[in-house]
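Here's the structure we're looking at; comments come further down.
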Amino acid sequence: MDFSSKSLRTKTIFFSLILTSFILCAAFSFICFREVTFVSRQLAARIETENRISSSLIQQNYGLGNIIELRRTLDTLSESIKLDAAEFSNDNGESLWKYQPAEAAASGKTGRPGIFSSLLIKTLKQSDPLLDIRGGQVYCRTKIEFVNGAVLGYFSWNFSARSILSEALGRLGIIFAAFLALVVFFVALVYRFSSVILKPLPDFIEKIQGEFRKLNMPRKEIKISDMDFLNRAFDDLVNGWKKAQAEALESSRLAAIGELAAQVAHDIRSPLAALDAALSKTDQLPEKQRVMVRHAVNRIRDIANNLLEKNRQQVKAAPAAGSSVAATGEPPEIRLLSSLIDPVITEKRLQFESRLGVNIDFELTRESYGLFARVQPVEFRRVVSNLVNNAVEVLGDKGKVAIGLAHDEGNVILTVADNGKGISPEILAKLGQMGETHGKAGGSGLGLFHAKTIVESWGGSLVIASELGKGATVSIKLPKAEAPESFVPALELVPGGLVVALDDDAAIHQVWQGRFDSARVQEHNIEVIHFSEPDKLREWVKNNVSAESALYLFDYELAGYKETGLSLAEELGVSGRTMLVTSRCEEGRIIEECKRLKVRMIPKGLAGLVPISVKSPAKTAQAVLIDDDALVRMNWGATAEEAGIDLKIFSEPGGFLSNLTRFSKDTPIYIDSELGNDIKGENIAVDLREKGFTDITLETGHAPERFAHLPWLKVIDKESPWGR
């Protein structure tokens, strides 16, 4: 902004003063003109009145020859109209008599009387007076003549105009003083107005411009010379607010739709995983029924993928098309290939849904679980899309496209096969070269050439195999990449272990229970506990010591609860032993949070496919420590790990006593003498000996003599036996 409140106030006062002065000067000039006109009219009226009265009286009195009466008349006239002097002279200019009011009382007569005593009034006439103004005096001269034209003489008289002018000047002075007071008052009023109204204006305009910035509108440059800046600024601001409000309402609507879509997709994933698990057991079904069930599962997967993809597009600022354009410089990443392929197949099914006789099938199997390769995600999806397009277009209105994902020792193998007409050996040898195409009207051959080139840049290969009448298969081999640390390649359970599943969907609990039953975990004394509510999980963790060694399978979203699987894992202190089972594995925010908490992830759609195995019992010595001192537990745990001892640690005897069946009778057991709450370790030792345990040691700071009454009980100090 190019103004301040001080400069704005100064300029406002300056312009107001000029405008006020101009208006008042014009008004004063008009009043002066009116006053001069009034004075002139007053003088003219007075001259006319004096001329008529005095001349008429003089003629009458001269005509009668009554000089005394004339003097009285002139005295009266002098008092009424302030006559200063009067004189009558002959035609030659000789004064016949004079009259002055100041001398009237002193002299009995003035001039030479009687000279006109024989004249008759009806023989005389009077001309219009001649005027002369000198030094503030008005001089009048009237010619008196006979009716026949002979000049009798001249009557002259004069009076002062100063009184009239003084009165006029006095009125003008009062008016000028009033105008000057008005000027001062108006300037003071403008100054006050500018102080109260204009002083906060810059801050106000800055706030308007701040609102422009909040609304992401162009910043308005408001200048003092722009007299309607506030009007325009308010219009722009109101329009911006209306636009922002409309966008906010639209965003809220889209967010609500996106949230609903994500929730529906999340809910579908659980039964979908159950169906995938069930599909692995349909070998006894007829082929036709197996195909029908697989297509139904694929259709459900398409719905879930489509909903998730729409939600991701609404969350992202840039459209997917823009991402493709920018994909040329995209660096290769280690990605889960099934997660990249699945949405593309959904897109292709929607694209070609009008071809009712064409089936596009991507069968996820346990063999395809957890296959990673280093690729450019956008380019990889484009390659898969082009290969599926080529396969569909050679089929016509009927046929099948099968997408498979497998692996050998060091490679991931992606296949796109069709059951179309096939390709002759002559054409097959040329495919993959620039400009070579087959069975595609208007094709340029660039898609297959691009696919071959980009796959080779990733260290892989693209091979086409075909037989006439039996279709064609495109095979892409890519070097297998190690799964990221955050990914769970398989669930490895330990005998006697504990698995805790938390999910708000009963279907996913059925999936896990079915998977664990298939893995025959009960035979290995592995217990599976299911929770659907965070509060019940909290209560269980609080009251069970075995929770410290359990494996946790947590859903991320828990309907109706503000907690997430990640927040609960952090709250309960089990992050290092938690697997997050979610359909949001590719969201950057969740990935970063998992890295921070060291939580690994399983795609929910692949929960029915994740390999489950039970570790063989480790051939290491096992021992038990019961001690309420955290420092002792930490020290003994560290030394036991270094010595290769499988030490089970309990902070109180209840946790151990509730799991007695998991330990053999000859397991070495170390018990603290002072376990808190007046619990004595030697009493626990007596109970254990009665239950058949044979290797019991009391670890304590007390002297061994204190326990001489228990000769079978071994006594050592607090130092770990494996750290000596």
Side-chain angles (χ1 to χ4, degrees), residues 262-285 290 293-305 307-308 336 338-339 342 362-370 487-493 497-524 526-534 536-537 550-559 561 564-566 568-569 577-585 599-614:
Q263 186 60 47
V264 172
H266 168 267
D267 294 342
I268 289 176
R269 289 292 185 182
S270 296
L272 185 61
L275 288 173
D276 275 331
L279 276 176
S280 63
K281 302 177 182 179
T282 58
D283 295 339
Q284 67 274 22
L285 289 178
R290 286 203 309 272
V293 173
R294 188 163 58 250
H295 286 172
V297 171
N298 287 337
R299 183 56 181 160
I300 296 172
R301 181 177 286 109
D302 292 344
I303 294 171
N305 288 338
L307 289 173
L308 285 175
L336 181 65
S338 59
S339 296
D342 205 22
F362 175 42
E363 184 178 359
L364 286 169
T365 65
R366 293 180 185 177
E367 186 183 5
S368 61
Y369 177 85
F487 184 77
V488 179
L491 285 177
E492 296 182 350
L493 308 180
L498 182 63
V499 179
V500 178
L502 171 67
D503 201 292
D504 60 337
D505 192 335
I508 201 67
H509 289 291
Q510 294 175 4
V511 170
W512 286 127
Q513 193 60 53
R515 297 298 316 284
F516 292 134
D517 290 346
S518 298
R520 308 169 77 94
V521 298
Q522 298 90 342
E523 297 179 4
H524 300 279
I526 297 174
E527 184 180 2
V528 181
I529 303 177
H530 297 274
F531 292 99
S532 57
E533 300 176 9
K536 291 184 178 180
L537 173 66
L551 173 68
Y552 297 91
L553 302 172
F554 283 179
D555 184 16
Y556 178 76
E557 297 170 290
L558 301 170
Y561 298 95
T564 66
L566 289 177
L568 278 172
R577 299 189 305 280
T578 298
M579 315 295 179
L580 190 69
V581 185
T582 178
S583 57
R584 301 169 65 176
C585 290
V599 171
R600 295 188 293 166
M601 289 189 287
I602 299 174
K604 180 167 275 193
L606 302 180
L609 304 176
V610 57
I612 299 177
S613 62
V614 180

Rounded to the nearest 0.5 Å, what's the gap from [atom1] on [X] to [atom2] on [Y]? Could you check?
X	Y	atom1	atom2	answer
Glu367	Leu609	CD	CG	11.5 Å
Leu566	Glu557	CG	CD	11.0 Å
Ile529	Lys536	CD1	NZ	13.5 Å
Asp555	Leu580	CG	CG	7.5 Å
Trp512	His530	CH2	NE2	10.5 Å

Student check: side-chain heavy atoms of [X] and [Y] closer than 4.5 Å:
X	Y	result
Leu493	Val499	yes
Leu553	Ile508	no
Val599	Phe554	no
Leu551	Leu491	yes
Asp517	Gln522	yes
Tyr552	Leu502	no

Phe487: ring-ring contact (aromatic ring centres under 6.0 Å, His included) partners, not counting sequence neighbours: Tyr369, Phe372

Residue pair [X] / [Y]: nearest heavy atoms and the distance that separates them:
X	Y	answer
Pro489	Pro611	O-CD, 3.4 Å
Leu568	Pro534	CD1-CB, 3.8 Å
Val521	Val528	CG2-CG2, 4.4 Å
Ala607	Val581	CB-CG1, 4.5 Å
Arg515	Val610	NH2-O, 2.6 Å
Glu533	Tyr561	CG-OH, 3.3 Å

Under the side-chain contact (heavy atoms from CB on, under 4.5 Å) test, residues paired with Ser338 that sit two or more places apart: Leu336, Leu364, Leu405, Leu606

Carboxylate-amine/guanidinium proximity below 4.0 Å for Asp503 and Lys604: yes

